[in-house]
Each structure stands twice: as structure tokens, then as C-alpha cells.
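One structure is given here, and the rest of the page talks about it.
Atoms considered below: every heavy atom in the structure, side chains included; atoms not considered: hydrogens, waters and symmetry mates.
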Amino acid sequence: MKISEYTACDAVGLAKLIAKGEVSCDEVKSAALSAIGTVNPQLNAVVECWPDAPDSAQGEFRGVPMLVKDLGITVKGRKNELGSRLAAGNLSSHDSNLMIRLNQAGLVTLGRTATPELAASTTTEPLFGGVTRNPWNTAFSAGGSSGGSAAAVASGMVPAAHATDGGGSIRVPASATGLFGLKPSRGRISMGPDVDEVWSGLAVHGFVTRTVRDNAALLDAVQGNVAGDPFHISAPRQRYSSCVTESPGQLKIGVLTHPLNGKRTSPAIVASLEETVRHLLSQGHHVEEVVPDTGMSWDAFVEMNSCFWAANTAAWIDALAAGSDRQVNEETLEPSNLALWQLGHQLTAMDIMGAMHRRNIITQKMAAFYGKYDLLMTPTLADLPSRLGSYNQRQGCMDGREWMRHVFDSSPFTALANVCGTPAMSVPTGFCLRQNLPIGIQFFAGFGGESLLFRLAGELEQAFAWQKRKPPVWAGEEMTL
């Protein structure tokens, strides 16, 4: 199998070729490993490759290669280092619930991808493992915290990769690298068995893909609760895969152009947003400018998230330190996470209760919004991805709250969905020619609204055909193996 043939297929396409016997699982695996070996040295997206990954004899994705993020998911007998010196060498003793379902679906996991330390950033530039580069412009960030997964998929190493999202970590790198990324509703994919929920319910699992149908089919394969999960979400009425080719109908969409932190979205991003709005209007959708009432100021919103992030991160760090017999200090943690750890230990139970109260306020306000509008539309990011080296430049001078303000100002639109537990997607409809970087546009739906998002995404994919664009760092130029 030529690597160019391999990279021309999405996950669904590869699964069909394997099922028909037109190509073997070994041929596909060999092409994937060659693709990783060819382009990963330029990007540093994959931190460890697993050529000995076992094949599966069954499942709808039998033989299809993928990668998992080095955080949030565990693979028995494999390292799970979380982008941190504190977790260096940490081995997983068992498969997590999501990993079990990926195996049942027949996917072949060929390695783990880079993440910023403990996922507490929207750029993937950890001291442990080094920076991940954007395949569209290697001087720029691939986003984060699922930046390694995004760079791997965007460059053709694999058609799809696992990602997590606690404040935008699926959608930010999807926007930065020109992929489709959907953050599911809270509870749609099991987070267990080691945790009931992550970051007090802010974080979820998902995928980054080049095509919408791959994302939908993967969610079909892994969605649903497992015994012991803290809550159960209603199953979708139909397979998400079938939604991709269905019309979304005429939608009422509210558009928020500039973030709620009082800053302005950059002109290149606004231009892409306006282009997407024009397309939606041409399809008969009703689109109007809105400023959603969240029930609180931007400072209160960031403080609420700071409480959740810092308290959970501090507990996580303490557990890692106890398990590794390492000290918590500047030799094991980056300054930003050391600051979050310190903040987490300063917070009180009443601080957390206050954050939970504010979370309910904003969730109720946004539920009322979705009673008036089908979707909320925003840019995914207010600006283009940052140049490598700039994002973390001042982290040593920041305390925990200052770091959180920096993270949220860098991605001011995305965290709303995490707080409310609702689904949201980044769709790569835009492109900046000046910097040769993709631009993602974001859509939010009410709780359990993934099907509607997939319908609209399918419509946008037909119109904008982003999957035809290829970055300068692309695996598909290799010769026959």
C-alpha cells in the first residue's frame, strides 16, 4: 500500500478497504508506521510509537490505526506520563473504559501523543518531551492540550486520534491544525474506572479527525455509560454517522463575534467568521448577533474555573508524587503547574462550593439561551495560534490565578461548553493565507445536541471541503513500501 493511498483515506474508508479484503491489516499498519516515522521528526507529535500493538479480529474499525493522547486514557502495560517529569516512567496497570471500547471497535493503537504538562495549557510545549509543531507552519503552535493528536492527524500520520477537552483542548488544536473536533456532552463517553469525572466534570473524551464522518462513527463506537459512572446520559435516537448526511433543517443561530473578556477578535478570524455566516444565510439559516447572558462577569467566570482547575490539579499532583516517591518542586513541575498546585492548596471547601454554585448559574442561563436559539456560533479562537516559545514566556512570573487568566484569555470562547457540560465543535471553514494557518469556527448546542452538530458539520464540510487541503508537512508524499 502506498503511503499516498493510505493518507488519502479516512478511518471509515480504511475500514471499508480492510473489510472488503482490498488491503490487509498488516499493510495498513505498515503504512501508518512509515507515515509516523517520516513526518514525526519534524513535528514531535508522537512521544512513543508502539509497533507491537496487537491487531483485532473484529470490530467496525478492524485494523484501522489511531493514536491516543498521553493523558486521560490508560493502556495496559504502556507508559502514561502526562507530559510531566513528575509522571516520568509511569506505567498503566489496566485499560480504561474508553480504551476497552476502542479495542472492541477494532482500532489499532500505535502510540501516544504529546500533551502540555497535565493538560493545563492551550499550547503543547512541555519541558518534558519538547514542543509540538504545527504541520501548516512549523514556527507556530499546534494548540493544546491535544496538540500532539491534532498535529499527527493533520499531517497524515493517522486518520483519527483520541483527545480530551477540559477547557477547549479538542477544539483549540482542531482549529490550529485544520481539523474537525467535537467535544461531546458530559457523560457521553465514560471517564472511568479510575475517576468518575475529571476536573469536576469539565473534562471529556473525544477525537480529532480530518472528516466529519470519522468523528461521528468513532463516537458511535465508544459512546454510552459503563456501570459505576456517576450519571447516565440518554442514548442518541439514531447513529451519529447517519446524521452527517442529513439536513440540519433551517436553524436559528446566535453569533458572538468578540469574546466576553472585553478584547477584540483579530481581523483574520472575523473575516472567516463572516464568510461562514454568509454561507449559513445562503442555506436558509437565520443568523443574528448575540451576547449571551452568562449571569456573571468574565472575572467571575475565570475565578470559577480557576477553583476547579487548581483544586483538581493539586490533588492530581499529590497523588502522582505519592505514587512516584518524587518531590513536588521546580525539578518535577513546570512553573505554571507548581503555581496551580500552590493555589489548589490555598483554596477552601467554601471556595469550591462557591464555584459549583456559579457553575449552576451559568448552566441555567445557557439552557435558557438554547430555548431561544438552536446553536451559538463563535470563532474557536480569538486569534491565530501563537508562535512557539511565546505562550510560556512569562509563566515563571505568574501565580496560579494569573496563569489561569492567561490560559483563558488565550482561548476565551471554548470553556463555556465545559462549564455547562454541553457539546461544541470546531469546524475548519477558514484559512489565513498570510501565515498559512487554518481557522476554526465553533458551534455550541444544548445538552445532548451532538446529532444536530453533526448534521450542520456535514453540510459545512460539503461546502468548504477542508479535507482537500494538505499542509506542507504531509506524510502522503512517500513512495510504495
Side-chain angles (χ1 to χ4, degrees), residues 3-4 7-8 10 35-36 38-46 67 113-116 121-125 130-161 163 168-181 207-212 214-215 266-269 271-273 275-276 379-391 410-411 425-442 460-461 464-478:
I3 297 185
S4 59
T7 57
D10 64 359
I36 294 170
T38 299
V39 301
N40 191 57
Q42 301 173 66
L43 302 176
N44 193 37
V46 181
L67 296 162
T113 61
T115 175
S121 174
T122 53
T123 187
T124 304
E125 303 179 52
V131 305
T132 296
R133 298 182 179 276
N134 193 318
W136 290 94
N137 186 333
T138 55
F140 286 81
S141 169
S145 64
S146 305
S149 288
V153 175
S155 62
M157 297 187 211
V158 288
S169 290
I170 289 173
R171 293 156 287 153
V172 169
S175 177
T177 62
L179 300 178
F180 177 76
F207 304 95
V208 285
T209 57
R210 294 195 295 271
T211 65
V212 177
D214 271 3
N215 216 293
S266 72
I269 308 293
S272 291
L273 181 72
E275 180 186 8
T276 308
T380 306
L381 292 167
D383 206 346
L384 294 172
S386 59
R387 284 189 175 272
L388 291 171
S390 62
Y391 189 104
S410 300
S411 180
M425 64 180 181
S426 180
V427 185
T429 60
F431 199 84
C432 175
L433 291 173
R434 182 172 58 88
Q435 300 289 7
N436 199 55
L437 288 168
I439 294 171
I441 300 302
Q442 184 174 212
L460 292 171
E461 185 177 41
F464 289 90
W466 58 77
Q467 70 277 14
K468 295 180 180 179
R469 297 196 299 251
K470 299 295 184 288
V473 181
W474 175 249
E477 300 305 317
E478 277 297 295

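Between Val212 and Trp466, some side-chain heavy-atom pair lies under the 4.5 Å cut-off. Annotation: side chain of Leu388 is in contact with side chain of Arg133 (closest heavy-atom distance under 4.5 Å). Residues Leu381 and Ser411 meet the side-chain proximity criterion, which asks for heavy atoms closer than 4.5 Å. In this structure the side chain of Phe140 reaches within 4.5 angstrom of the side chain of Leu437, judged on heavy atoms. Side-chain contact between Leu43 and Ser155 is present, with at least one heavy-atom pair separated by less than 4.5 Å.
Using modelled atom types and a 3.5 Å distance limit, the side chains of Thr429 and Thr276 yield a donor-acceptor pair. A donor and an acceptor atom, one from each side chain of Thr124 and Thr132, are nowhere located under 3.5 Å apart.
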From CA spacing to verdict: side-chain contact (heavy atoms from CB on, under 4.5 Å), Val208, Ser146: CA-CA 9 Å; Val208 285; Ser146 305; 5.5 Å; no
Walk me through whether Asn436 and Phe431 qualify under side-chain contact (heavy atoms from CB on, under 4.5 Å). CA-CA 7 Å; Asn436 199 55; Phe431 199 84; 3.3 Å; yes
After noting the C-alpha distance and the side-chain angles of Asn40 and Met157, does the key distance pass the side-chain contact (heavy atoms from CB on, under 4.5 Å) rule? CA-CA 8 Å; Asn40 191 57; Met157 297 187 211; 3.7 Å; yes
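Taking the ring-ring contact (aromatic ring centres under 6.0 Å, His included) definition, one finds that Phe464 meets it with His279, sequence neighbours left out. The side chain to side chain contact (heavy atoms under 4.5 Å, CB included) search around Thr209 returns Ala160, Phe180, Phe207, Asp214, Asn215, Leu218, not counting sequence neighbours.
Between Ile269 and Pro379, the shortest heavy-atom contact is CG2-CB, 3.4 Å. The nearest pair of heavy atoms linking Pro385 to Ala176 is CG-CB, 3.6 Å. Nearest heavy-atom pair, Gly476 versus Ser4, reported as atom, atom and distance to 0.1 Å: O-CB, 3.0 Å. In this structure, Ala150 and Pro173 approach most closely via the heavy-atom pair CB-CB, 3.6 Å. Closest approach of Thr211 to Gln467, counting heavy atoms only: CG2-CB, 4.4 Å. Taking each heavy atom of Val473 and Val39 in turn, the nearest pair found is CG1-CB, 4.0 Å.
If you take CG on Asn137 and CZ on Arg434, they are separated by 11.0 Å, rounding to the nearest 0.5 Å. Summarising the geometry, atom CG belonging to Leu460 is positioned 6.0 Å from atom CE belonging to Met425; distances are rounded to the nearest 0.5 Å. Of the inter-residue distances, the one linking Thr113 atom OG1 with Ile36 atom CD1 reads 10.5 Å to the nearest 0.5 angstrom.
For residues 168-181, the set of pairs meeting the side chain to side chain donor-acceptor pair (under 3.5 Å) definition, not counting sequence neighbours, comprises Ser145-Ser169, Asp165-Arg171, Arg171-Asn418, Arg171-Gln442.
Under the 3.5 Å distance criterion, the side-chain polar atoms of Arg210 are matched with a main-chain donor or acceptor of Val153.
Across Asn134, Val131, Thr123, a single residue satisfies side chain to side chain contact (heavy atoms under 4.5 Å, CB included) together with Ser141, and that is Thr123.
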